[in-house]
Amino acid sequence: MGILFGAAHALTAGHSRAVLATYLAGSEAKVERGLLVSLTLSFTHVTIAVLISVLSLPLVSIALGSVGRAPLLEDISRGLPGLVGAWMVWRALRQRHHQNIRAR
């Protein structure tokens with residue numbers, strides 16, 4: 001669920017991509033400045049998301065405390081990022097292997 005919501009979240013407006021693109025297009029900033037601004041934007045976005053998650057955890061635990069735990073859902077949410085990472089590594093290695101075969 002986290003992967004799906006994260007992917008949908010990244011596609012929505014409000015991530016300052018338009019603001020960043022407008023700023024860079026309208027200024028005389030060099031590529032290095034653009035990279036620095038985009039890295040700063042990404043860092044602050046992720047940091048704020050983590051802080052919101054950590055600070056809201058006690059509130060969610062209190063509000064949903066009577067519901068109980070869902071061990072299967074917890075295991076799936078832990079395992080999916082690992083599976084996605086393994087799939088990405090497998091795809092990268094497979095693509096490299098196919099490129100080596102074509103180069104011969």
Side-chain angles (χ1 to χ4, degrees):
M1 292 296 288
I3 290 172
L4 292 177
F5 283 127
H9 173 76
L11 294 174
T12 60
H15 282 86
S16 303
R17 290 184 296 257
V19 174
L20 178 60
T22 304
Y23 165 74
L24 293 174
S27 72
E28 295 180 10
K30 304 230 184 279
V31 174
E32 296 84 16
R33 176 73 177 163
L35 289 173
L36 179 64
V37 171
S38 64
L39 286 173
T40 303
L41 180 66
S42 298
F43 177 76
T44 56
H45 183 80
V46 170
T47 302
I48 289 171
V50 169
L51 284 174
I52 289 171
S53 299
V54 168
L55 296 175
S56 66
L57 184 60
L59 179 63
V60 172
S61 296
I62 291 169
L64 300 177
S66 62
V67 174
R69 293 184 57 215
L72 179 62
L73 187 57
E74 291 173 10
D75 292 340
I76 290 172
S77 68
R78 286 187 194 107
L80 278 178
L83 289 174
V84 170
W87 175 74
M88 292 173 72
V89 169
W90 176 76
R91 293 268 315 212
L93 293 174
R94 194 177 96 187
Q95 183 178 7
R96 177 187 253 172
H97 177 71
H98 287 307
Q99 287 175 348
N100 288 339
I101 291 174
R102 289 183 191 156
R104 293 181 190 171

Apart from Leu93 itself, residues in the same hydrophobic cluster as defined by side-chain heavy atoms under 4.5 Å: Val89

Given a cutoff of under 4.5 Å between side-chain heavy atoms of I, L, V, M, F, W and Y, with clusters grown through shared members, what are the other residues clustered with Ile48? Ile52

For Val31, which fellow cluster members are found when Ile, Leu, Val, Met, Phe, Trp and Tyr are connected by side-chain heavy-atom distances below 4.5 angstrom, either directly or through intermediates? Leu35

Apply side-chain contact (heavy atoms from CB on, under 4.5 Å) to Arg91 and list each qualifying residue two or more places apart in sequence or on a separate chain. Trp87

